[in-house]
2 protein chains.
Amino acid sequence: MEGEDHLAFERNKAEFDVDAMKIVWAGSAHALEVSDRMSRLVASDPAFRKDHRPMLGRKELFKSTLKKAAYAWKRIIELRLTEEEASMLRSFVDEPAFTDLHWGMFIPAIKGQGTEEQQQKWLPLAQRMQIIGCYAQTELGHGSNVQGLETTATFDPKTDEFVIHSPTLTSSKWWPGGLGKVSTHAVVYARLITDGRDHGVHGFIVQLRSLDDHLPLPGITVGDIGMKFGNGAYNTMDNGVLRFEHVRIPRDQMLMRVSQVTREGKYVQSNVPRQLVYGTMVYVRQTIVSDASTAMSRAVCIAARYSAVRRQFGGNNGSLESQVIDYKTQQARLFPLLASAYAFRFVGEWLKWLYTDVMKRLQANDFSTLPEAHACTAGLKSLTTSATSDGIEECRKLCGGHGYLCSSGLPELFAVYVPTCTYEGDNIVLLLQVARHLMKVISRLGSGKKPVGTTAYMGRVEQLLEARSDVQKAEDWLNPNTVLRAFEARAARMSVACAKNLTKFSNPEEGFQELLADLVDAARAHCQLIVVSKFIEKLQQDIPGKGVKRQLEILCNIYALFHLHKHLGDFLSTGCITPKQGSLANDQLRSLYSQVRPNAIALVDAFNYTDHYLSSVLGRYDGNVYPKLYEEAWKDPLNDSVVPDGFQEYIRPMLKQQLRNARL
Amino acid sequence: MEGEDHLAFERNKAEFDVDAMKIVWAGSAHALEVSDRMSRLVASDPAFRKDHRPMLGRKELFKSTLKKAAYAWKRIIELRLTEEEASMLRSFVDEPAFTDLHWGMFIPAIKGQGTEEQQQKWLPLAQRMQIIGCYAQTELGHGSNVQGLETTATFDPKTDEFVIHSPTLTSSKWWPGGLGKVSTHAVVYARLITDGRDHGVHGFIVQLRSLDDHLPLPGITVGDIGMKFGNGAYNTMDNGVLRFEHVRIPRDQMLMRVSQVTREGKYVQSNVPRQLVYGTMVYVRQTIVSDASTAMSRAVCIAARYSAVRRQFGGNNGSLESQVIDYKTQQARLFPLLASAYAFRFVGEWLKWLYTDVMKRLQANDFSTLPEAHACTAGLKSLTTSATSDGIEECRKLCGGHGYLCSSGLPELFAVYVPTCTYEGDNIVLLLQVARHLMKVISRLGSGKKPVGTTAYMGRVEQLLEARSDVQKAEDWLNPNTVLRAFEARAARMSVACAKNLTKFSNPEEGFQELLADLVDAARAHCQLIVVSKFIEKLQQDIPGKGVKRQLEILCNIYALFHLHKHLGDFLSTGCITPKQGSLANDQLRSLYSQVRPNAIALVDAFNYTDHYLSSVLGRYDGNVYPKLYEEAWKDPLNDSVVPDGFQEYIRPMLKQQLRNARL
């Protein structure tokens, strides 16, 4: 660390062992070691510079991403990095690129849906990047409703080929990352048609571009779909549009692990359970939840450090003004987000366990936990990504005006993060899936079949419908069981109320449609309960390090009581708690904020982010914000000249009253 | 209108006279005529094209803004536009520019704070744009706390001059729009120092650049502060940084309407009331509230039209899929924002009246309503701009994935709008001003002095503390008095609860600091009450046009009941309503959504926005979205070539396994 640490006085206040907390955050000492090494590797290499990203035009920006991706791959080969290290390195490069889809979607799709033979043929090519692939599912007219896709793959028994075709404008593939300019291949989802019969949507490996000159193959129209939200951000990615004009591919390029088309054109199912697909979905969503904690923690780290640096008001008699982090309004907005970052970290960790558990069961042909696991991951994806999007913008606002500068890092973080709310399942659509599952669980309660996993509490529904909280003083809210019971009771009551209201409709589906908004609320309550309960479970583990567990307990309570306060209407209207108890929770929350305050900077230090990764002048580790902001400003292209380009043509004639004759 | 109207079937459903609603929205037939004429003038002139804005680099973008500003000024002169027309034209050009500050801050500052003599000297120059001015208040280290500004203006009696100086890095002026590259002059706020005494912050007219070659004058360092959030957006503005190295200006360039420095260096107050400054603040904030309704309505217009175009799910048996606007979840998110747009329109209209009322009183030396008017405008600025920022992003999400494309218009609308939450008073700081006012009102209740204006209901506080809502069935919530009483009771009880809690602290200021978060909640409740009550008052007027009033009643109820549902915790915990009554409000809300549904498209048509102004493929008047999205994509610079720039250097070596030897 060069230079003075302007936040040393904050770090000295910490009441816990920051290094031990770093291990808790990373998940293990090994994970911390790898992420620390990879993040420094990236941070110290000027090839990975990213602070000028917002100033680049689209073409320059894209070219620089191509360069970084190639360079990263070169380094991965040179340093013989393991898969874990390589993936970590890519994440610290911190720039959306075609490689995300190649490694994250194209290869997994072949692994998950390809036969042994197909995997042997395609995976080595892909893993050496001799081909580059993307995942072409969504269309101009179809996102959420995958079953409504229009692209067709018609089997032609004469030539033993599929004919891939885009029959309408709205069937154009639209959005796939890596498609627009880079991918040579794609897994394309299309309606399988054999002998005039539509067998629904299936995946096909289709080559898009020549491996020599990169030109699109005959019958293929492909391009970029244009600029997206924000400076830099996702504009480094070539999200693409793709149309097929009767493009032929060999029959063996249909991904045939689950269902097949024979040489004669017969459609047959294999004996591989279809449910395996859900395993992949659980996997992908688990990574999204873990990424949510990362994005949230980055924003919180920036806002917390700058809130400690920034002073405003209260400096009477020549004393320094107050640090804004000392204002209760700032704390009441910032600390729940800090708590959320940790909460999402632990629920993400638990989801990792859930994924391995589900896969083990699937391999043993046990599908019993799958619907619950599927609903639970859908709900947590929705909850954590919505909260993180909102949280990043809140952190930006918490930085005052300077948060609006690109050099704060927050505008780009927001712009690059928000699509997470829409992709891999729109967040509202996902909550409705949770709601459907909850209604199913309730309808089966009488049947003697016990609800499993995160819905297990529904088995105690009668007890929960009766329960009254026994909180009498503010500190009673520190009891994890008290908190858990309140969240369980609220969630159970909201679901039961929906179920009751549904019975008033003669047509259940009509009722479901009418009550959508209430069902979303009930699903959200259920998901918040999961986050709270997994945080509490985490605290039942042994957590080494001086004061570490204590800090996590405070954060857990903040997470829970903040949401209780925010959704007080739910708790009061379902009668779980009384207004007095709600007000005591609020009192306790204020006291928790005071407890977390001296530890705030150390708690964001524990994320172990480099200044390169944060890419924020406001969030600098050393807190030396103002001189650097000043320095940064002069790098803007507009400051290349003192007198701006356009002065002679557009400003001078105005000042000199010569506009009438000016050619504009 | 050329081409087919794909939304004609929606427009045919409308149950009210859209043209009459256009007049209500515009405020008068005259206002509609002018805005209609000016918006078409801009839309039909290719010089005002803006769809390519997100693709331009900073320099190109800025130069194109200079050109548009000059061209607009040329047209204003050529067409001899009135001040009203010119300001309307500028707003439809829809691009932040130095002219905003010149007309909106520099000229008003001279008008408000300059003496007659100063006005006679400076205003004609400014009004002919022979000089261009900006408003240099905020500094690198000081935004909210204006009294903490560090720039100094020291009187030198030897030369009869002020010496303007930036004593520290943090005293650098930072943020002023138009400062970085364009302004020749600025009103600079600095601490006035005479004879070693600090008289606090005052305004000074300072020339920054030569009127000939535009170079900064000696002692002045000036530049742009760098890129800001979003594509296009505020990057068209040269927000600037400015430092003074002992810059001398004549004594008569201090704005001396309220206080003066004599030739001898004596600081004296004039007999002009200082309170006049607050009048200006009321004015500026009133325009911000009115702009909030404009920004919100633009976003809602885009989201509503695209929600009617977009179909997803439910298309069984070959029928069309459902329009997403028919989903209750979509309605429950979209329609409250539609209602908010109208609500903010009417509260903005009322603020215009309040401003004239305040000014009349000030001129008659009646300052009695000023504190209330000041608090009320502060609160409404905060409430409407926060809701609008969130609302724009919600509308973007309501458009699904395509809302993330710049061609949807929503990313830029969001990025250009959000700073409104921070400038002219940070929204949380403003709510605390409201809270302070409310606490003052309550503390004086015993004194016999009746609370005035929007706090008048506090005069009935005892009655409100007792009141129980008499709602028995869902329709009872349609009664405006019932709604008003509930909002009054909630606001009064929250304020009273804060006031009571404050008494528990021996040091009132300490108590205030401790309870900040609760005070913010109480202030927000008060402001929501104002919006609801002004909407209800509007409906007591005569509103011509078939079905127009009926639609507005529906929207008013949606606005109120949506907020009741959202803040149910407030209403229940203060005991204003019972859980059962809350649930009835929710039922009523659902029914109101169904009533507004057939009118939704006509209600956004009533905003009378041109396609140019909306600048959104998704929000096109004719609903012809998909072909235009497809067309738009190909305009991206990345599509200039089929094979991207960088292929030879970065993609080909990867595919050909030649990366090891590549120079990257």
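Naming convention: chains lettered A, B, ... in sequence-line order (proteins, then strands); numbering from 1 in each chain.
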Undergrad: What are the two closest heavy atoms between A:Ala70 and B:Tyr650, and how far apart are they?
TA: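 Closest pair (atom of A:Ala70, atom of B:Tyr650, distance): CB-O, 3.6 Å.
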
Undergrad: For A:Glu649, which atoms come within 4.5 Å of any heavy atom of chain B: side chain, backbone, both, or neither?
TA: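 A:Glu649 touches chain B through side-chain heavy atoms alone.
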
Undergrad: Report which part of B:Ile131 has an atom under 4.5 Å of a heavy atom belonging to chain A: side chain, backbone, both, or neither.
TA: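 Just the backbone, heavy atoms under 4.5 Å.
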
Undergrad: According to ring-ring contact (aromatic ring centres under 6.0 Å, His included), who are the partners of A:Tyr327, at least two apart in sequence or on a separate chain?
TA: none

Undergrad: With chain B, which of A:Asn501, A:Asp570, A:Asp213 has the greatest number of heavy-atom pairs at distances under 4.5 Å?
TA: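 Counting heavy-atom pairs under 4.5 Å, the top option is A:Asp213.
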
Undergrad: Which answer fits A:Asp587, side chain, backbone, both or neither, if we ask what part of it has an atom under 4.5 Å from a heavy atom of chain B?
TA: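 No part of A:Asp587 comes within 4.5 Å of chain B.
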
Undergrad: With a 4.5 angstrom heavy-atom cut-off, could you sort out which part of B:Leu405 is near chain A: side chain, backbone, both or neither?
TA: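 The answer is both parts of B:Leu405.
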
Undergrad: Please flag which part of B:Thr329 lies under 4.5 Å from any non-hydrogen atom of chain A: side chain, backbone, both or neither.
TA: both

Undergrad: Does any heavy atom of chain A fall under 4.5 Å from the side chain of B:Leu66, the backbone, both, or neither of them?
TA: both

Undergrad: Taking the side chain as everything from C-beta on, heavy atoms only, tell me whether A:Leu568 gets closer than 4.5 Å to B:Ser573.
TA: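 Yes, side chains in contact.
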
Undergrad: Report which part of B:Gln130 has an atom under 4.5 Å of a heavy atom belonging to chain A: side chain, backbone, both, or neither.
TA: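 It is both, since atoms from each part get that close.
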
Undergrad: Using 30° and 60° as the class limits, which term best fits the ring planes of A:Tyr234 and B:Tyr404: parallel, tilted or perpendicular?
TA: perpendicular

Undergrad: Does any heavy atom of chain A fall under 4.5 Å from the side chain of B:Val520, the backbone, both, or neither of them?
TA: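 Contact with chain A: side chain only.
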
Undergrad: Is the backbone N or O of A:Cys421 less than 3.5 Å from a side-chain atom of B:Lys397, with the two atoms forming a donor-acceptor pair by type?
TA: no

Undergrad: Flag the one option from B:Asp640, B:Leu56, B:Leu589 with the top tally of heavy-atom pairs under 4.5 Å to chain A.
TA: B:Asp640

Undergrad: Looking at B:Arg396, B:His567, B:Gln147, B:His402, which makes the most heavy-atom pairs under 4.5 Å with chain A?
TA: B:His402

Undergrad: Measure B:Ala517 against the heavy atoms of chain A and call it side chain, backbone, both or neither at under 4.5 Å.
TA: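 Looking at B:Ala517, backbone and side chain both touch chain A.
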
Undergrad: Using heavy-atom distances under 4.5 Å, tell me whether A:Thr574 contacts chain B through its side chain, its backbone, both, or neither.
TA: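 Nothing of A:Thr574, per the 4.5 Å heavy-atom cut-off to chain B.
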
Undergrad: With a 4.5 angstrom heavy-atom cut-off, which part of B:Phe62 approaches chain A: side chain, backbone, both or neither?
TA: side chain

Undergrad: In terms of heavy-atom pairs under 4.5 Å with chain B, which of A:Ala47, A:Gly141, A:Gly57 leads?
TA: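 Result: the option with the highest number of such pairs is A:Gly141.
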
Undergrad: Report yes if the side chains of B:Lys328 and A:Glu514 come closer than 4.5 Å at any heavy-atom pair, otherwise no.
TA: yes

Undergrad: Below 4.5 Å from any heavy atom of chain A, which atoms of B:Arg243 appear? Answer side chain, backbone, both or neither.
TA: side chain

Undergrad: Between A:Gln648, A:Arg333, A:Lys566, A:Gln330, who has the most heavy-atom pairs with chain B when the cutoff is under 4.5 Å?
TA: A:Arg333

Undergrad: Please determine, among A:Asp212, A:Thr422, A:Leu215, A:Asn231, the option with the most heavy-atom pairs under 4.5 Å with chain B.
TA: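 So the answer, after comparing A:Asp212, A:Thr422, A:Leu215, A:Asn231, is A:Asn231.
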
Undergrad: Using non-hydrogen atoms and a 4.5 Å limit, figure out which bit of B:Val222 sits close to chain A: side chain, backbone, both or neither.
TA: backbone

Undergrad: Keeping the roles fixed (side chain from A:Gln657, backbone from B:Arg128), state whether a donor-acceptor pair exists under 3.5 Å.
TA: yes

Undergrad: So B:Trp634 and A:Thr221, do their side chains get closer than 4.5 Å, heavy atoms only?
TA: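 The answer is yes; the side chains approach within 4.5 Å.
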
Undergrad: Would you find a donor on one side and an acceptor on the other, under 3.5 Å apart, between the side chain of B:Asp224 and the backbone of A:Asn639?
TA: no

Undergrad: Could you list the residues that satisfy ring-ring contact (aromatic ring centres under 6.0 Å, His included) with A:His565, not counting sequence neighbours?
TA: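 With neighbours one apart ignored, the set is empty.
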
Undergrad: In terms of heavy-atom pairs under 4.5 Å, which option from B:Pro579, B:Cys406, B:Gly223 contacts chain A the most?
TA: B:Cys406

Undergrad: Quick one: what part of A:Pro653 sits under 4.5 Å from any heavy atom of chain B, side chain, backbone, both or neither?
TA: neither

Undergrad: Is there side-chain contact between B:Gln312 and A:Val429, with heavy atoms separated by less than 4.5 Å?
TA: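 Counting from C-beta outward, B:Gln312 and A:Val429 never come under 4.5 Å.
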
Undergrad: For a quick test of reading the model, state the closest non-hydrogen atom pair linking A:Met654 to B:Ile132 and the distance between them.
TA: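 What the structure gives for the nearest pair is SD-CD1, 4.2 Å.
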
Undergrad: Counting N and O atoms only, with roles assigned by atom type, does the side chain of A:Lys656 sit under 3.5 Å from a partner on the main chain of B:Leu211, one being a donor and the other an acceptor?
TA: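 Judged by distance alone, yes, a pair lies under 3.5 Å.
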
Undergrad: Taking the side chain as everything from C-beta on, heavy atoms only, tell me whether B:Arg590 gets closer than 4.5 Å to A:Leu515.
TA: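 Contact flag for B:Arg590/A:Leu515 side chains = yes.
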
Undergrad: Any idea which heavy atoms bring B:Trp175 and A:Gly401 closest together, and the distance?
TA: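 The pair with the smallest heavy-atom distance is CZ2-O, 3.0 Å.
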
Undergrad: Between B:Val182, B:Ile77, B:Val418, B:Val241, which has the largest tally of heavy atom pairs under 4.5 Å with chain A?
TA: B:Val418

Undergrad: Would you say that A:Arg652 contacts B:His214 through its side chain, given a criterion of any heavy-atom pair below 4.5 Å between the two side chains?
TA: no

Undergrad: Between B:Asp518 and chain A, with a heavy-atom cut-off of 4.5 Å, which part of the residue counts as in contact: side chain, backbone, both or neither?
TA: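 The side chain, not the backbone.
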
Undergrad: Side chain, backbone, both or neither: which part of A:Ile428 has a non-hydrogen atom closer than 4.5 Å to chain B?
TA: side chain

Undergrad: Against chain A, label B:Leu169 side chain, backbone, both or neither, depending on which of its atoms sit under 4.5 Å from a heavy atom there.
TA: side chain

Undergrad: So, B:Phe414 versus A:Phe414, ring centres under 6.0 angstrom or not?
TA: yes

Undergrad: In terms of side-chain geometry, is the basic nitrogen of A:Asp636 or B:Arg58 positioned less than 4.0 Å from the acidic oxygen of its partner?
TA: yes

Undergrad: Between A:His142, A:Arg209, A:Met227, which has the largest tally of heavy atom pairs under 4.5 Å with chain B?
TA: A:Met227

Undergrad: Under a 4.5 Å cut-off applied to non-hydrogen side-chain atoms, are A:Arg75 and B:Leu659 in contact?
TA: no

Undergrad: Check whether B:Phe98 gets within reach of chain A through its side chain, its backbone, both or neither, counting any heavy atom under 4.5 Å.
TA: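 The answer is the side chain of B:Phe98.
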
Undergrad: Answer with side chain, backbone, both or neither: which region of B:Asn586 has an atom nearer than 4.5 Å to a non-hydrogen atom of chain A?
TA: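 The answer is the side chain of B:Asn586.
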
Undergrad: Among A:Glu393, A:Gln331, A:Lys580, who wins on heavy-atom pairs under 4.5 Å with chain B?
TA: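 Looking at each option in turn, the highest pair count goes to A:Glu393.
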
Undergrad: Test your reading of the model: is there a side-chain donor-acceptor pair from B:Tyr630 to the backbone of A:Thr170, 3.5 Å cut-off?
TA: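 Not confirmed, B:Tyr630 side chain does not pair with A:Thr170 backbone.
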
Undergrad: Please tell me if the side chains of A:Glu60 and B:Asp645 come closer than 4.5 Å, counting only heavy atoms from C-beta onward.
TA: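 They are not in side-chain contact.
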
